[in-house]
Amino acid sequence: MPTTPEKLSKYEKLSSLTYRRVMHLLHEEMNNGLSANYNLKADIKMFPTFVRALPDGTEKGKFLALDLGGTNFRVLMVMINERDVDIQSQTYLIPQRIMLGTGIQLFDHIADCICRFIRDHDLKNETLPLGFTFSFPCKQEGLAKARLSKWTKGFRCEGVVNEDICVLLHEAMKRKNTTSVDVEVMAVVNDAVGTLMSAAHTDRNCEVGLILGTGCNACYMESLENVGLWEGDFEEPSQVLINTEWGAFGDNGCLDFIRTEYDRELDTYSINPGKQIYEKMISGMYMGEIVRLALERLSMEGLLFESADRDCELFHKGRFFTKYVSEIESDHDDFFRNVKQVLEEIGVTNYTSEDCKIVKYICTLVSARAAFLSSAGLATIINKLEKPEITIAVDGSLYRFHPRFHNLMVLKIQELVKPGLKFKLQLSHDGSGKGAALVAAVAIRLRDSKQGRCPS
Ligand code: BGC
């Protein structure tokens, strides 16, 4: 159902002026990140990715891609033939004990999955170029050299921070002691970058990538003259994709003026207190918990669910999932079918219609704030780039499954961008697989063209 501007005001608890203040702060923090002098102290790291060119549709080849960034790990085989892309993939679970274990355990698990995939897909004895989508903040020293700067999103594997993740992968493959399986890592890619590459393959105006999933992040193409911390060459094209890692916006306290008691409580009990403040107000890993904390408080104060059982899920951390928010907001009438279903799932049985109304209202407030905050972020980038027309490639479960996120964002961005700038939010498909393979493909295309070779 389209959201009209009048309806927008219903969800708006922070003024337009407040969002403009957020934009101003973000702009400053992004510039600090880009500057050689301030980067060390900056929260938003603005990592140059070493991706200098977008796909032009002439890419060809067979690639392996890896995708690590959430509770699942995927291995993919990607066949690119100019505009045609064929993908076969397999998903493997990463158990929590591995997410919180050692780096060796994590990379051994990854190597196991790769070997299984190669065996199942009859790829033995082929050395395929590989693109690794590794969706955590990494300082890149080259396209295939990336050191983890910190873990986010529920991962905390010991011994990986500051290490080159390609080296860790190679070492794990070596430990497997199989001679028939080999991988050549061509590129390490953030999921925001993969998302952008995947959409840019068919849309020439696409210069920004956005992830709204378990985590939240954006990347965009920046002119080298604006990247003070760039230490690479200045040959053409004189641009580089920047992985902003804007999830860390606010870690220095600059967003405290809009944080609520629920944001603070969620942060205090998270595995990374004080970190990823902007991300914690937006992304799917946290949204359900913010709603749960608000419901819990209202219930404690006797304003909701008068006789709720204190042992039910509502009173347990992490038991109200973000998918519930999307489901609840998908109810379009006053029968509250989805709200009731969710309440029953979390063990709340004694509820009134008024309770259902309040639950839904709280969901709309929390998700609209997330949509508006991410819009303020995007509008900052759109205004900075000042392209007359720009496409933003978007992916992530929150954006895909929330019924109003897209519409709320379009309206808010329209309000916040400089007059005359046109933008389009484009759902991008399989950024992590296709995107990572495309980064590898573009790297091979550029390398071959420098060496005067024709692409095979
Ligand atoms: C990570 C980013 C990633 C984002 C979306 C954040 O927690 O730091 O690298 O792009 O999540 O997956």
Side-chain angles (χ1 to χ4, degrees), residues 26 29-30 33 42-51 65-74 94 99-100 106 131-140 146-157 160-162 165 187-199 208-220 241-251 266-267 270-287 289 322 370 373-374 377-378 381 392-402 405 427-428 430-433 435-436 439:
L26 178 62
E29 298 278 315
M30 284 171 65
D43 286 323
I44 304 185
K45 287 298 178 198
M46 306 294 281
F47 293 118
T49 61
F50 288 80
V51 176
L66 309 179
D67 176 15
L68 180 76
T71 44
N72 289 325
F73 170 64
R74 282 193 316 154
I94 310 240
M99 288 167 75
L100 300 173
L106 174 69
F132 189 174
T133 303
F134 186 76
S135 307
F136 300 96
C138 283
K139 181 171 184 332
Q140 296 213 215
R147 292 183 191 279
L148 177 68
S149 98
K150 66 176 174 196
W151 285 114
T152 57
K153 295 180 292 193
F155 274 73
R156 200 175 46 195
C157 301
V160 186
V161 171
N162 288 330
I165 62 140
V188 180
V189 183
N190 181 270
D191 51 354
V193 173
T195 295
L196 164 54
M197 293 299 273
S198 178
V208 181
L210 172 70
I211 299 288
L212 290 163
T214 309
C216 171
N217 191 16
C219 70
Y220 71 99
L241 260 186
I242 299 290
N243 169 18
T244 65
E245 288 296 336
W246 74 10
F249 179 32
D251 289 8
L266 173 136
D267 180 48
S270 68
I271 68 166
N272 53 351
K275 301 274 179 261
Q276 301 295 102
I277 295 301
Y278 185 58
E279 173 165 276
K280 283 176 177 157
M281 296 168 89
I282 295 175
S283 78
M285 176 147 183
Y286 309 101
M287 184 181 288
E289 180 63 6
T322 298
L373 279 173
S374 38
L378 269 190
I381 295 182
I392 295 109
V394 194
D395 201 358
S397 46
L398 181 60
Y399 181 78
R400 272 175 191 273
F401 301 124
H402 188 280
F405 226 81
L427 180 65
S428 170
D430 222 330
S432 312
V439 174

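Keep in mind the model is a prediction, meaning the values are calculated, not measured. All heavy atoms count here, side chains included; hydrogens, waters and symmetry mates do not. For ligands, and for the atoms within them, numbers begin at 1 and follow the listed sequence.
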Min N/O separation Asn243 to ligand 1 under 3.5 Å: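 No, Asn243 has no N/O under 3.5 Å of an N/O on ligand 1.
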Could you tell me if Asn217 and Asn243 have a donor-acceptor pair between their side chains, going purely by distance under 3.5 Å? yes
Assess the side chains of Ser270 and Lys280: does a donor N or O sit below 3.5 Å from an acceptor N or O?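 Side chains of Ser270 and Lys280: pair found under 3.5 Å.
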Nearest non-hydrogen protein atom to atom 6 (C) of ligand 1, with distance, is Glu279 OE1, 3.0 Å
Residue and atom name of the nearest protein heavy atom (relative to atom 12 (O) of ligand 1), distance in Å to one decimal: Asp191 OD2, 2.6 Å
Under a 3.5 Å distance rule, please check whether Asn190 uses its side chain to pair with a backbone N or O of Ser135 as donor and acceptor. no
Proximal ligand 1 atoms for [X], defined as those under 4.0 Å from one of its heavy atoms:
X: Asn190; value: 2 (C), 3 (C), 9 (O), 10 (O)
X: Glu245; value: 1 (C), 2 (C), 8 (O), 9 (O)
X: Pro137; value: 8 (O), 9 (O)
X: Phe136; value: 9 (O)

Aromatic plane relationship, Trp151 with Phe155 - under 30° parallel, 30 to 60° tilted, over 60° perpendicular: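 Phe155 and Trp151: parallel rings.
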Contacts of type ring-ring contact (aromatic ring centres under 6.0 Å, His included), residue Phe47, not counting sequence neighbours: none
Of all the heavy atoms in [X], does at least one lie under 4.0 Å from an atom in ligand 1?
X: Gly69; value: no
X: Thr214; value: no
X: Ser135; value: yes

Is it true that, when you exclude Lys275 itself, more than 12 heavy atoms of the residues, nucleotides or ligands shown sit nearer than 6.0 Å to its NZ? no
Can you check whether Leu106 reaches Phe73 side chain to side chain, under 4.5 Å on heavy atoms?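 With C-beta onward as the side chain, the pair stays apart.
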Structural part of Cys216 in contact with ligand 1, heavy atom criterion under 4.0 angstrom: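 Backbone only; the side chain of Cys216 stays clear of ligand 1.
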Compare every heavy atom of Asn162 with every heavy atom of Arg147, then report the nearest pair and how far apart it is.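 The answer is NH1-O, 3.0 Å.
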